[in-house]
Amino acid sequence: MITLDKRPQPSRLWTIATPLLAVVLTMVCGGLLFAALGKNPVVTIRTIFLDPLFSEFAWYYRPQLLIKGAPLVLIAIGLSFGFRAGIWNIGAEGQYIVGAICGAAVGLAFYPVESALIFPLMVLAAALGGIAWGMIPGVLRVKFGTNEILVSLMLVYVAEQLLAAMALGRLRNPQGMGFPGSRNLAQYPSATSWINESAGMHWGIVAAFIAVIFAYIALSRHIFGFQVRLSGQSPRAARFAGVNPGLLVLVCMGISGGLAGLAGLFEVAGPAGQISIDFNAGYGFTAIIVAFLGRLHPVGILLAGGLMALTYIGGEIAQSNLGLPGAAIQLLQGMLLFFLLAVDLLTNYRVRLRKSEVA
Amino acid sequence: MTIKTLLAGAGIALALGTAAFADAHGPTKLGFVYVGPVGDGGWTYEHNKGRLAVEAHFGDAVETVFVESVPEGPDAERVMTQMALQGADLIFTTSFGFMDPTINVAAKFPDVKFEHATGYKRADNVSTYSARFYEGRAIQGHIAGQMTQSNIIGYIASYPIPEVIRGINSAFVHAREVNPDVEFKIIWAYTWFDPAKEAESAKVLIEQGADVILQHTDSTAPQAAAQAAGDVVTFGQASDMAEFAPFPRVSSIIDDWAPYYIARTQAVIDGTWESKDTWDGIGPGMVGIGEITDAVPAEIKASAEALRDRIASGEYHPFTGPLNKQDGSAWLAAGETADDGTLAGMNFYVEGLTGEIPQ
Amino acid sequence: MDLSAINPILLLASLMVAATPIMLAAIGELVVERAGVLNLGVEGMMITGAVCGFVVAVNTGSPWLGFLGAAVGGALLSLIFGVLTQVLLSNQVATGLALTLFGLGLSALMGQGYIGVRAPGFTDLHIPLLADIPVIGPIVFQHDPMVYVGLGIVAAVWAFLTYSRAGLILRAVGENHEAAHALGYHVVRVRLLAIMFGGGCAGLGGAYLSLVRVPQWTEGMTAGAGWIALAIVVFASWRPWRLLLGAYLFGGVTVLQLNLQAAGVAVPVEYLSMSPYLATIAVLVIMRTGRAPGSLAQSFHASR
């Protein structure tokens, strides 16, 4: 029979090989799916996975990969600290929304004044908003022992309702002909997060890269990273090593909330432009998947964010060039995630074929 | 390096744009950006029917592509850009939330024509188009006012935006015209599409005495709820919903984009396309009135059809004075008709409606 | 404003119907979570159930077979989650989210030929004698059969968890999988069965929407009902009878809100809509006894 033995340490070889294996498996199964839908599987797979990088118009798609991937990476980096320490913030979507609302509200309050101070103030407000929203489940866990997975999830729904109330009410564009949605922040020079719109560069992308570097240093070189890792592996050992578990919860929830809030702001003040009812496009949830695909490692998250962005953008190209239904892309993404999660087993366990033992 | 590739890319884009014009033999390429899935059975479904009608009309002379379920915001901008890069000559963006992205992308591709549905921002290569659904609402009100026994008409509204408010006012004015005792009960569902909630709304209205249900949401759930209740009259919305004819669905308002899409495509082929604002009603066929079934008494049917024909010919405007606003202040003097500007931004109820428009 | 237009009997009756799809999905998830597994893919399983049920019902002409097909469809989809999390030890949160994505895509592809098609009718029961009791009759005894099936499942789950040996084992697995394993119980087998039960129930909930509530197939028609089901389980502190209360509260807020609007009362819709979630958080804080199952969302691997 087949048995699994836990490896003392995750296999280095498999850490690198498993994602590649998963992508190949997805291509094979996706190809079968596309063939069943009457499309040429090779062309379709190439369109999704390669065209955004190497086609005639790749010069346009490459920066778009950064734009699509940046919020995912920024949020996932924040989440990865908590996930390593066994603190499960799955409400990043809500923190993303609240960050965007707070940041946008500050920007809109100043409209139409132009000042170099406005954007930094918006960033601050967004970070504080995200931190505050993330702290609620953190404080409740520390004070009352409630489950942060569930509280943070509930707060997503609350934030979504808050967003609708803001888009229809307080933040509605007074010159918007009565339609829901705020003024366009991307067209307000002091408030926009675009650095160079035509080159596809905004502060969110910069922030995502900075976050990756900081996370890498913190996790590998800093005592905080050590505490985080120790708490995840052995909470009891961590306590003996002087880690204050309550404080760690608050710090991790704060980091993830703050970064999610920032991601929301950079998105609302740049690519999205305005607070609208459907402003949140699920980045907060997708980022959870990105964090796991990246094995909670900063560089891994960067690559995973890129891969997710690739399937989104490649999927759109396949839809419009090959007439593939949008649902097929969702299915392909689902498959990719399943395979990536499944093959992770090989990293942490050794699969052995054994003869049944005699007891 | 980035700037160089960008410039090169822009060059390609320009070359492509002009190439499409120079090459008279190649098919004209059309792009459609949809906010929902083509299977929503309502808004997007009807736009896609328009696209298929264009294909059927022009045959090999056109080539159409579409991307469905595009979130409003940065993704929309990318999808449009991608279509333009792939050589689209004309791009239809079919949701209000695509307004700013359409304008942005259009500025980068001066040789590509854009058509934005339901918006109010235009440019040299951006037209806007919308349908005067309120004309259809007038006929619904006319029928509804005479069909009701309880004198209570239920109205499932989506969001408090001018488009929806116009519909309520138009239906109310024409229901009161034929039945001075009629009252409207209005529910704001805060969704365009949520079958369960729509069913619930219809049920609540029926329980509170309504025996006619008008809906400004896209699913057939209210029709089914009315059917279950037995003696409640409904009208199809967006699509014909003929599967519920002859009763409870006694007529419908159909979004018929095909004539417009065919005309605009022809204009691009002929080289006569120019930016304009189209707001068409029953006359040009953009608003279709679904067959009035035999469940409606013959004389009501006849007068409704007469009203339809008078609106179609331009002889009668659904908002013709004397009309007062809800607060009793005068809006239109006798014989005066509403101007398009007021209608486009309509944010008030007419006299006789109860309740407030939520803010 | 005319509050007298609201008929409390009809309001309560429609509450029973509005609560049914989320109740069905939630009772399944409750069993899954009591077994120590957090499956966030309820929305994906619901919508898959909705399309499976619709396709089967249209092709066979029988809504009952449709519901059966929905349960099987939901259970099969949940098996993907089960194998990934229980056998291949993937993270439950991430796998559940991926399951939702997968289910939404799969359902849209499966339902392509069924848009605008009508489902076979499913008539209301009129339980003899009981239905004629004044007040109570119309509220409780004049609904379609699935309302009672849903209540029956809740009762059965309660009895199963409280009185049966198998229910005890399931709870033990959820509270402390190491200990349950040490006692010789098959943790993985128990959890796989629980996950499939959860998938089946979510499928039924979805099919209730596509076959009874709406009834039609359209893409994305569950519109977030699966996420509400997750909230209800927490609100109920993992107790079947409280879950009933939760389903009526969450369904009730919508019904009440719509009733107030139709009666002409200006209600702040968004703030009212967020209140059940805030109530859920309050319940989590106040009811310390209703603690989450001890092993919730943790992977189990029997090391030797």
Side-chain angles (χ1 to χ4, degrees), chain A residues 51-52 55-64 67-68 71 161 164-165 167-170 172 176-181 184 186-187 196-202 267-268 270-274 276-282 312-313 315-327 329-330, chain B residues 2-10 12-13 16 31-35 37-39 64-79 81-86 88 96-97 99-101 103-104 108 118-120 159-165 190-191 344-347 357-359:
Chain A
D51 273 12
S55 69
E56 187 185 356
F57 304 114
W59 56 268
Y60 172 72
Y61 296 128
R62 283 183 205 138
Q64 289 296 315
I67 293 177
K68 186 84 191 173
Q161 295 296 331
L168 288 161
R170 301 298 293 274
R172 170 142 77 171
M177 312 278 280
F179 284 93
N184 197 319
Q187 291 162 7
N196 181 342
E197 190 174 346
S198 56
M201 180 52 71
H202 67 79
E267 200 65 12
V268 76
Q274 55 178 176
S276 60
I277 296 169
D278 303 318
F279 157 73
N280 59 318
Y312 277 114
I313 293 173
E316 283 161 6
I317 300 175
Q319 274 195 64
S320 90
N321 287 8
L322 306 174
L324 200 68
I329 305 298
Q330 275 184 320
Chain B
T2 347
I3 289 172
K4 238 187 206 166
T5 36
L6 260 181
L7 286 175
I12 292 168
L16 262 183
F32 291 81
V33 186
Y34 299 142
V35 72
V38 293
T64 70
V65 297
F66 71 91
V67 179
E68 57 184 328
S69 300
V70 178
E72 299 173 347
D75 301 286
E77 206 162 320
R78 187 174 55 249
V79 169
T81 307
Q82 190 245 335
M83 285 179 175
L85 287 175
Q86 300 283 354
F96 173 76
M99 180 161 68
D100 286 350
I103 296 291
N104 287 351
K108 289 177 202 155
T118 70
Y120 53 83
Y159 291 100
I161 60 173
E163 150 98 39
V164 179
I165 295 166
Y190 286 92
T191 176
M346 192 174 244
N347 59 357
I357 300 172
Q359 281 308 319

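Order of the sequence lines fixes the chain letters, A, B, ..., with proteins taken first and strands second; residue numbering starts at 1 for each chain.
- Proximity of A/Asn321 to B/Gln82: side-chain heavy atoms (C-beta onward) are separated by under 4.5 Å at one or more points.
- Per-residue counts of heavy-atom pairs under 4.5 Å with chain B were compared for A/Leu324, A/Asn184, A/Asp278; the largest is that of A/Asn184.
- For A/Tyr312, there are no ring pair (Phe, Tyr, Trp, His ring centres under 6.0 Å) partners at least two apart in sequence or on another chain.
- For chain A, no part of B/Thr191 is nearby; none of its heavy atoms comes within less than 4.5 Å.
- Within the 4.5 angstrom heavy-atom criterion, no atom of A/Ser276 approaches chain B.
- The main-chain N or O of A/Pro271 is never found under 3.5 Å from a side-chain atom of B/Glu77 such that the two would form a donor-acceptor pair.
- Contacts between B/Phe96 and chain A at a heavy-atom distance below 4.5 Å involve the side chain alone, from C-beta outward.
- Contacts of A/Phe279 with chain B are absent, with no heavy-atom separation under 4.5 Å from either backbone or side chain.
- Closest approach of A/Pro180 to B/Ile161, counting heavy atoms only: CD-CG2, 3.1 Å.
- B/Tyr159 and A/Leu168 get closest at one heavy-atom pair: CD2-CD2, 4.2 Å.
- Nearest heavy atoms, B/Gln86 versus A/Tyr61: NE2-OH, 3.9 Å.
- With a 4.5 Å cut-off on non-hydrogen atoms, A/Arg170 does not touch chain B at all.
- Taking each heavy atom of B/Val65 and A/Ser320 in turn, the nearest pair found is CG1-O, 2.9 Å.
- Of the atoms belonging to A/Ile329, not a single heavy atom falls under 4.5 Å from chain B.
- By the 4.5 Å heavy-atom criterion applied to side chains, B/Thr81 and A/Gln64 are not counted as neighbours.
- With chain A as the partner, the residue from B/Asp75, B/Val67, B/Val79 showing the most heavy-atom pairs under 4.5 Å is B/Val67.
- Heavy-atom distances place the side chain of B/Tyr120, and not its backbone, under 4.5 Å from chain A.
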When you look at B/Val70 and A/Glu316, which way does the side chain to side chain contact (heavy atoms under 4.5 Å, CB included) test go after all the steps?
CA-CA 9 Å; B/Val70 178; A/Glu316 283 161 6; 5.8 Å; no
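- Checked by atom type and distance alone, the side chain of B/Glu68 pairs as donor or acceptor with a backbone atom of A/Gly326 at under 3.5 Å.
- Listed by chain and residue number, C/Ala108, C/Leu109 satisfy the side-chain contact (heavy atoms from CB on, under 4.5 Å) test with A/Ala327 (two or more places apart in sequence, or in another chain).
- Note on B/Ala76, B/Pro162, B/Pro160, B/Gly345: by heavy-atom pairs under 4.5 Å with chain A, the leading option is B/Pro162.
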